[in-house]
Amino acid sequence: RKEFVDLYVNYVLNESIQKPFEDFMQGFLRGCPARKWKMFLPVELQIVLQGHTKFDWHVLEKNVTYRQYMKLDRTIRFFWTVFHKLPEEKKKMFLAFLSGSDRIPGYGLEFFKFCIEDPQKENPDELYPSANTCSHILFLPR
């Protein structure tokens with residue numbers, strides 16, 4: 001039985017996926033040559049490919065620019081007060097809403113910039129916050 005289980009596990013986890021994995025690896029290495037990746041430690045490579053998972057949210061706040069708002073406007077002060085009270089998971093959900101990912105790219109949070117902009121509509125109470133994920137712009141009605 002042990003031999004059967006060992007052979008079955010080997011087949012399922014190794015042999016049955018060998019050809020698809022080789023095809024994937026060939027395509028991956030065509031776009032990302034292996035010799036360039038060897039300069040990274042495994043943990044560094046994971047950050048490069050997946051992004052950072054731990055954040056200093058105050059650094060994010062420092063990197064924000066504002067359009068049609070000033071840093072001390074009431075709406076902005078309320079926004080950051082509420083934001084910093086959110087649990088970590090909700091902050092990551094906001095990041096995903098803003099950028100399309102709940103992670104910061106490998107270059108780091110200190111270089112991640114976004115903008116908070118007033119959409120300047122006649123009746124801001126009828127609008128919800130929205131985001132342009134490509135440009136990292138949060139449209140925040142007053």
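These numbers come from the heavy atoms of this one structure, side chains and all, not from hydrogens, waters or symmetry mates. Numbering starts at 1 and runs along the sequence shown.
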Stepwise side chain to side chain contact (heavy atoms under 4.5 Å, CB included) check, C115 with H136: CA-CA 6 Å; C115 178; H136 299 159; over 6 Å; no

Pairwise distance [atom1]([X]) to [atom2]([Y]) - rounded to 0.5 angstrom:
X: D56; Y: L60; atom1: CG; atom2: CG; value: 9.0 Å
X: W57; Y: L95; atom1: CH2; atom2: CG; value: 5.0 Å
X: K62; Y: K71; atom1: NZ; atom2: NZ; value: 8.5 Å
X: E61; Y: I76; atom1: CD; atom2: CD1; value: 10.0 Å
X: E117; Y: F139; atom1: CD; atom2: CZ; value: 5.0 Å
X: I116; Y: F114; atom1: CD1; atom2: CZ; value: 4.5 Å

Side chain proximity check, [X] to [Y], heavy atoms < 4.5 angstrom:
X: V59; Y: N63; result: yes
X: F112; Y: S99; result: yes
X: Y11; Y: L7; result: no
X: M25; Y: F21; result: yes

Any residue meeting salt bridge (charged side-chain N to carboxylate O under 4.0 Å, His left out) with K113, in chain and number order, not counting sequence neighbours: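 With sequence neighbours excluded, K113 shows a salt bridge (charged side-chain N to carboxylate O under 4.0 Å, His left out) to no residue whatsoever.
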
What about [X] and [Y], same hydrophobic cluster or not, with Ile/Leu/Val/Met/Phe/Trp/Tyr joined at side-chain heavy-atom distances under 4.5 Å?
X: F97; Y: L86; result: yes
X: L13; Y: V5; result: yes
X: M39; Y: L29; result: yes
X: V12; Y: V9; result: yes

Under 3.5 Å donor-acceptor, D73 side chain and T75 backbone: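 No: the side chain of D73 does not pair with the backbone of T75.
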
Main-chain N/O of L98 paired with T133 side-chain donor or acceptor, under 3.5 Å: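 Checking the backbone N and O of L98 against the side chain of T133, no donor-acceptor pair under 3.5 Å is found.
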
Side-chain ion pair, D118 and R142, N-O less than 4.0 Å: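 Looking at D118 and R142, the cut-off is met.
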
Walk me through whether D23 and K19 qualify under salt bridge (charged side-chain N to carboxylate O under 4.0 Å, His left out). CA-CA 6 Å; D23 293 343; K19 175 71 172 118; 2.8 Å; yes

If you take the centroid of each ring, where Trp contributes its six-membered ring, are F78 and F83 closer together than 6.0 Å?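 Not close enough - the centres of the two rings lie 6.0 Å or further apart.
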
How about CD on E3, more than 12 heavy atoms from neighbouring residues, nucleotides or ligands closer than 6.0 Å, or not?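 Incorrect, the count does not exceed 12.
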
Does the pair F79 and Y69 meet the rule for a ring pair (Phe, Tyr, Trp, His ring centres under 6.0 Å), with working shown? CA-CA 12 Å; F79 171 81; Y69 275 120; 9.5 Å; no

Classify the ring geometry between H84 and H58 as parallel (under 30°), tilted (30 to 60°) or perpendicular (over 60°).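 Parallel.
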
Ignoring hydrogens, what is the shortest heavy-atom contact between L127 and K121? Give both atom names and the distance.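 That would be CD1-CG, 3.1 Å.
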
At their closest point, which heavy atom of P141 faces which heavy atom of P124, and how far apart are they?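 Heavy-atom minimum between the residues: CB-O, 3.7 Å.
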
Between Q26 and E22, does any side-chain donor sit less than 3.5 Å from a side-chain acceptor?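 Per modelled atom types, Q26 and E22 side chains form no pair under 3.5 Å.
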
Evaluate Y66 against L140 for side chain to side chain contact (heavy atoms under 4.5 Å, CB included), listing each step before the verdict. CA-CA 10 Å; Y66 301 98; L140 185 65; over 6 Å; no

